[in-house]
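In what follows, a single structure is set out as structure tokens and then discussed.
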Amino acid sequence: MKMMATNSRFFTITIVASWYTSNIGVLLLNKYLLSNYGFKYPIFLTMCHMTACSLLSYVAIAWLKMVPMQTIRSRLQFLKISALSLVFCVSVVFGNISLRFLPVSFTQAIGATTPFFTAVFAYVMTLKREAWLTYFTLLPVVTGVVIASGSEPSFHLFGFLMCIAATASRALKSVLQGILLSSEGEKLNSMNLLLYMAPVAVVFLLPATLIMEKNVVGITIALARDDFRIVWYLLFNSALAYFVNLTNFLVTKHTSALTLQVLGNAKGAVAVVVSILIFKNPVSVTGMLGYSLTVFGVILYSEAKKRSK
């Protein structure tokens, strides 16, 4: 019995460590490719991610039987999943575009405002009101980002707007998912949802890539002739994008909601520290205080939401 408990604890620690590594790893590698390496094709990169998610999701569910396969039961359900996929695409593409112009530390500060946008969309789309205390806790979330933005040495307006759009789209997806897939017959676990969303995302992204990033395949092949590492970077980065989703599912399954919240808040802070150490981007004390205030606001918001239930 004691041996089983030890093994279970070891497994939980392993998946949490894998979740941290894959999340932070894909973020840093995206930044390196799009900014430092000079691979300036965020839509194509996102399409590579979605292609890998499509293939690896099928392998995990159909072959490895990690979770039972859930089927789409109606045309309406497929249209709902397609709508979610479109919003998901927009959030990932905008997030990748922002990494071309902004340091990871600043994008993480902006990304921490997701609860603010979630509360706004939930109110506008479902008229769902939270307790006033819950709304009050969003003040430090927004104030922190305003402070961080004002003192960010590497501030770039277009990158900032893209990051805000990515954060808002991420919040919109979570609210839409709750509305569109609310009935018991339509609910899908995150693994199955990714299985159906990722191929639809590729269908959306392919024409966008061909129109907006002309000859990107030819350019990538030419790059590979000069430096074959780009192929390994793209393959590893795409596989890592899938493992972000896989480990997120496993962590959700094997830990409590509270543990997940705490780990999620800490993950952003770890990503900031690691990115500063690797990319050595300049940071200001005021900016870090602003980010800290945002994280503190997110923790207060999570606590207020929990108490209001």
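Residue numbers run from 1 in the order of the sequence given. The figures that follow rest on heavy atoms only: side chains count, while hydrogens, waters and symmetry mates do not. Being a predicted model, the structure only gives us computed values, none of them experimental.
- The backbone N or O of T247 sits nowhere less than 3.5 Å from a side-chain atom of S18 that would complete a donor-acceptor pair.
- Looking at heavy atoms from C-beta onward, M47 lies out of side-chain contact with I43 at the 4.5 angstrom threshold.
- Between L28 and F279, some side-chain heavy-atom pair lies under the 4.5 Å cut-off.
- Closest non-hydrogen pair, A60 versus Y242, comes out as CB-OH, 3.2 Å.
- Between V217 and L210 the shortest side-chain heavy-atom distance does not fall below 4.5 Å.
- Both I110 and L157 belong to a common hydrophobic cluster when Ile, Leu, Val, Met, Phe, Trp and Tyr are linked at side-chain heavy-atom distances under 4.5 angstrom.
- Side-chain atoms of V59 and L55, non-hydrogen and from C-beta on, never get closer than 4.5 Å to each other.
- Atom NZ of K80 sits in a crowded spot, with more than 12 heavy atoms from other residues, nucleotides or ligands closer than 6.0 Å.
- When atom types are taken as modelled, the side chain of Q70 and the backbone of L188 share no donor-acceptor pair closer than 3.5 angstrom.
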Go through the steps for F121 and L176 under the test side chain to side chain contact (heavy atoms under 4.5 Å, CB included), then give the verdict. CA-CA 9 Å; F121 284 128; L176 269 178; over 6 Å; no
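- Atom CE of M69 has more than 12 neighbouring heavy atoms from other residues, nucleotides or ligands inside a 6.0 Å radius.
- Here the straight-line distance linking atom SG of C53 with atom CZ of F88 works out to 6.5 Å at 0.5 Å rounding.
- There is no path of hydrophobic side-chain contacts, each under 4.5 Å, that joins L293 to L289.
- Of the inter-residue distances, the one linking S149 atom OG with I147 atom CD1 reads 10.0 Å to the nearest 0.5 angstrom.
- Panel note: side chain Y32, backbone Y37; no donor-acceptor pair is recorded below 3.5 Å.
- The side-chain heavy atoms of L246 and L56, taken from C-beta on, include no pair separated by under 4.5 Å.
- Residues K253 and I15 have side chains not in contact (no heavy-atom distance under 4.5 Å, counting atoms from C-beta outward).
- The side-chain hydrogen bond (donor to acceptor under 3.5 Å, both in side chains) contacts involving residues 53-63 comprise nothing, where partners must be two or more places apart or lie in separate chains.
- Side-chain contact annotation: S105 with N281, donor-acceptor N/O pair under 3.5 Å present.
- With values rounded to the nearest 0.5 angstrom, I72 atom CD1 is found 6.0 Å from F78 atom CZ.
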Just do the side chain to side chain contact (heavy atoms under 4.5 Å, CB included) check on L205 and V93 with the steps written out, would you? CA-CA 9 Å; L205 291 165; V93 169; 3.7 Å; yes
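- A side-chain donor-acceptor contact under 3.5 Å links T46 to the backbone of P42.
- Tracing side-chain contacts under 4.5 Å through hydrophobic residues (I, L, V, M, F, W, Y), one never reaches L133 starting from V120; they form parts of separate clusters.
- For the pair V272/V283, no side-chain contact is recorded, criterion being any heavy-atom separation below 4.5 Å from C-beta on.
- Atom CD of E130 is separated from atom NZ of K305 by 4.0 Å, given to the nearest 0.5 angstrom.
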Determine, stepwise, if the pair T220 / L234 fulfils side chain to side chain contact (heavy atoms under 4.5 Å, CB included). CA-CA 10 Å; T220 307; L234 289 173; 3.9 Å; yes
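- Distance check, rounded to the nearest 0.5 Å: OH of Y41 to CG of L34 gives 11.0 Å.
- Residue-environment remark: OH (Y20) exceeds the threshold of 12 foreign heavy atoms within 6.0 Å.
- The ring of Y233 has its center no closer than 6.0 angstrom to the ring center of F39.
- For D227 (side chain) and L223 (main-chain N/O), no donor-acceptor pair under 3.5 Å exists by modelled atom type.
- With rounding to the nearest 0.5 angstrom, the CG atom of N192 is 4.0 Å from the CD1 atom of I61.
- Without hydrogens or angle criteria, S284 side chain to S151 main chain gives a donor-acceptor distance under 3.5 Å.
- Judged purely by atom type and a 3.5 angstrom limit, T113 has no side-chain atom pairing as donor or acceptor with the backbone of A109.
- L29 and F44 end up in the same hydrophobic cluster when Ile, Leu, Val, Met, Phe, Trp and Tyr side chains are linked at under 4.5 Å.
- Looking only at side-chain heavy atoms (C-beta outward), R100 and S35 stay at 4.5 Å or farther from each other.
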Donor-acceptor contacts under 3.5 Å from residues 160-174 side chains, at least two apart:
{"from": "T167", "atom 1": "OG1", "to": "C163", "atom 2": "O", "distance (Å)": "2.8"}
{"from": "S169", "atom 1": "OG", "to": "A165", "atom 2": "O", "distance (Å)": "2.7"}
{"from": "K173", "atom 1": "NZ", "to": "Q177", "atom 2": "OE1", "distance (Å)": "3.0"}
{"from": "S174", "atom 1": "OG", "to": "A171", "atom 2": "O", "distance (Å)": "2.8"}

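- Remark: the backbone N or O of S85 is not paired with any side-chain donor or acceptor of Y196 at under 3.5 angstrom.
- Not one N or O on the side chain of K214 forms a donor-acceptor pair closer than 3.5 Å with the backbone of I211.
- In the hydrophobic clustering of ILVMFWY residues, with side-chain heavy atoms under 4.5 Å counting as a link, L127 and F117 come out apart.
- Applying the 6.0 Å contact sphere to CZ of F243 captures no more than 12 heavy atoms from other residues, nucleotides or ligands.
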